[in-house]
Protein chains: 2
Amino acid sequence: MHGRVRVIPESTYDDPLVARLDQHIELSAADIALLGSVIDASVTISKRRDVVVDGYEFRKLYFIKDGFAARYRLLPNGKRQIINLLVPGDIIGVPSSFLDRANFSVTALTEMKVQACLLDAFVDLCYRHPKFGLALSWLAVEEATNYAERIVDIGRRTSIERLARFLIEMHSRLFVSGRATADGFDLPFSQEVMSDALGLSVPHLNRMFAQLRMDGLISLQDRHVKFCDIVVIQEFTHFHPRRLMRIPARRKPIIEKPEPKRPCKVRAAR
Amino acid sequence: MHGRVRVIPESTYDDPLVARLDQHIELSAADIALLGSVIDASVTISKRRDVVVDGYEFRKLYFIKDGFAARYRLLPNGKRQIINLLVPGDIIGVPSSFLDRANFSVTALTEMKVQACLLDAFVDLCYRHPKFGLALSWLAVEEATNYAERIVDIGRRTSIERLARFLIEMHSRLFVSGRATADGFDLPFSQEVMSDALGLSVPHLNRMFAQLRMDGLISLQDRHVKFCDIVVIQEFTHFHPRRLMRIPARRKPIIEKPEPKRPCKVRAAR
DNA sequence: CGTCTCATTGAGTTCTGTCAATCTAAGTGG
DNA sequence: CCACTTAGATTGACAGAACTCAATGAGACG
């Protein structure tokens, strides 16, 4: 593909699972070994393949090493809404794997490479090592937070703001894994995909792209997005990313089981 | 208020935290006692009070015993998007408490009664008893799932479908805590609140209400919603709730540390 | 050289928001 | 008890946003 930029910084872990959890909690060498033990296999998924299918059970976690995917719902009227787009470092299986039957599908937009583990194996690990249960909570909270942002975007922002924010956000996400430069990146998605993510029609999305160019905010050439002035567009979109707190370390485990504590005051109330 | 129905079934726990976790995992008497020990206090919040404020740190979990709230974001242009509406049994603090600074506000739409605990205390409990870490994960996943449904609603459903689905969903949520009858319920929300939740304007929401009545799907009188035929409206909205799986029980804890396992195949790949 | 996917553009229509006015019920203070 | 205020629901007229349908390009690929 023309213009593809791919700068993998040396600091990036080769292991997407470890890299992701490392953002939330301290991981010792022993922890990393434990994580390795629950990883089942390295799997390659071909383009256009549905990894998770709405209505069917899925009980795995896939940590994306390479490639792109979309979590989506297909409606009876044929329309599609993409919940979110998945890039390297993201996880397939949260929240799908936690439901009796998945309520969304996940489809590979490109060929993908993932690390796979069984949900049961991960849950088992959480029982043995509570820090991983907390890490899982943090991952799920992160997912919820991202979805909430999308609700605000689609519900109350103009279509051009939505698109501009989408581009800024995608740039920031791709930059983390070295798939973007300081002021631009190659869009891995077609306009159809983006319009389904933003709740717009393809022609309208296209017009909004044209307008962003007209307004001198971006340039676009063969799917390569370049921000003319990244500060200007950040202000235009009111882009203020919020970060999750890190998981508090375990307090000194006082012998093993003190449990004297004060009684629950709540029962008395009411 | 006219027509208010309030039937609390005997099976409902008085303790919203226990009731909520019980949906996801087996709780022994000892577990329930543990939960009691992390509850700090029973708190009353007055109407219109902002419990969580966008941009400020919040590090608590509030389990709603009574009353209604809205999680929302206010945009620079003055528009408001409600992420979700909170009813008794819901939790304030997921995801807000997990961020450096909250990225949404939560406001009390009515006077509320909540059980409060500090996030640190709950995290500490998770370290000591891993099942609660898993329970926390499940709560966060549930939150993410609900948000995802809202994305689909706002992104790709017509305004009348959105409203109809909102009513059906709210009925089902209120029914759980005995705040609805088999075919109707009292709406605890103004049309302004509902329009901000559904990403519509107040006049348009009002027109959609009128149309639902015209179409003979609901009747509405002093905020009391009655479904003329609940099956018909369920089909109209394609309402198919999906449930979370229950958290798998711990497997027999094999001595303590076997960890022989096979080595991680992933490292080899690539 | 077809075929396919994807991007782009135009014309017309529908949906939905904005603005403004009216109406009702519920308080509130005198 | 009444005039006044306020919150919320309702309605109408109008403008603008966004969709649908349809056609045209442009590049990739076999």
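In what follows, every chain begins at residue 1, and chains take the letters A, B, ... in the order their sequences are listed. In this text, all values refer to a predicted model and were calculated from it rather than measured experimentally.
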Rounded distance (Å) that lies between atom [atom2] of [N] and atom [atom1] of [X]:
| X | N | atom1 | atom2 | answer |
| --- | --- | --- | --- | --- |
| Leu212(A) | dT8(C) | CG | C1' | 16 Å |
| Gln211(A) | dG16(D) | CD | C1' | 13 Å |
| Lys47(A) | dC6(C) | NZ | C1' | 11 Å |
| Asp196(A) | dA7(C) | CG | P | 12 Å |
| Arg48(B) | dT6(D) | CZ | P | 13 Å |
| Ile154(A) | dA18(D) | CD1 | P | 13 Å |
| Leu187(B) | dA7(D) | CG | C1' | 16 Å |
| Glu192(A) | dC6(C) | CD | P | 7 Å |

Please list, chain by chain and in numerical order, all residues satisfying side-chain hydrogen bond (donor to acceptor under 3.5 Å, both in side chains) with [X], sequence neighbours excluded.
| X | value |
| --- | --- |
| Gln191(B) | Asn206(B) |
| Thr158(A) | Glu161(A) |
| Arg213(A) | none |

Give a yes/no on whether any side-chain N or O of Asn206(B) is located under 4.0 angstrom from OP1 or OP2 of dT10(D). yes
Ignoring backbone atoms, test whether Arg223(B) places a side-chain nitrogen or oxygen under 4.0 Å from the OP1 or OP2 oxygen of dT24(C). no
Atom pairs under 3.5 Å: protein N/O with N/O of nucleotides 16-19 of chain C:
residue	atom	partner	partner atom	Å
dT16(C)	OP2	Ser159(B)	OG	3.0
dT16(C)	OP2	His204(B)	NE2	3.4
dG17(C)	OP1	Gly199(B)	O	3.3
dG17(C)	OP1	Ser201(B)	N	3.4
dG17(C)	OP2	Ser201(B)	N	3.2
dG17(C)	OP2	Ser201(B)	OG	3.0
dT18(C)	O4	Arg207(B)	NH2	3.4

Name the pairs: protein N/O against N/O of nucleotides 24-30 of chain D, kept only if under 3.5 Å.
none

Residues passing the side-chain contact (heavy atoms from CB on, under 4.5 Å) test with Asn84(B), sequence neighbours excluded, are Arg71(B), Leu86(B), Glu143(B), Tyr147(B)
Once side-chain contact (heavy atoms from CB on, under 4.5 Å) is applied, do any residues pair with Ala70(B), and if so which ones, sequence neighbours excluded? Ile82(B), Leu85(B), Thr107(B), Leu109(B)
Under 3.5 Å, sequence neighbours excluded: what are the donor-acceptor pairs made by side chains of residues 56-64 of chain A?
residue	atom	partner	partner atom	Å
Arg59(A)	NE	Ser97(A)	O	2.9
Arg59(A)	NH2	Leu99(A)	O	2.7
Arg59(A)	NH2	Asp100(A)	O	3.4

Five pairs per end, C1' atoms only: what is the angle between the end axes of the helix from dC1(C)-dG30(D) to dG30(C)-dC1(D), to 10 degrees? 30°
Does the salt bridge (Lys or Arg N to Asp or Glu O under 4.0 Å) test come out yes or no for Asp90(B) and Arg20(B), once each step is laid out? CA-CA 8 Å; Asp90(B) 288 338; Arg20(B) 182 65 172 271; 3.5 Å; yes
Set of ring pair (Phe, Tyr, Trp, His ring centres under 6.0 Å) partners for [X], sequence neighbours left out:
| X | answer |
| --- | --- |
| Phe189(A) | Phe68(A) |
| Phe166(A) | none |
| Phe209(A) | none |

Asp153(A)/Arg73(B) under salt bridge (Lys or Arg N to Asp or Glu O under 4.0 Å): CA gap, chis, key distance, verdict: CA-CA 10 Å; Asp153(A) 278 349; Arg73(B) 163 79 60 76; over 6 Å; no
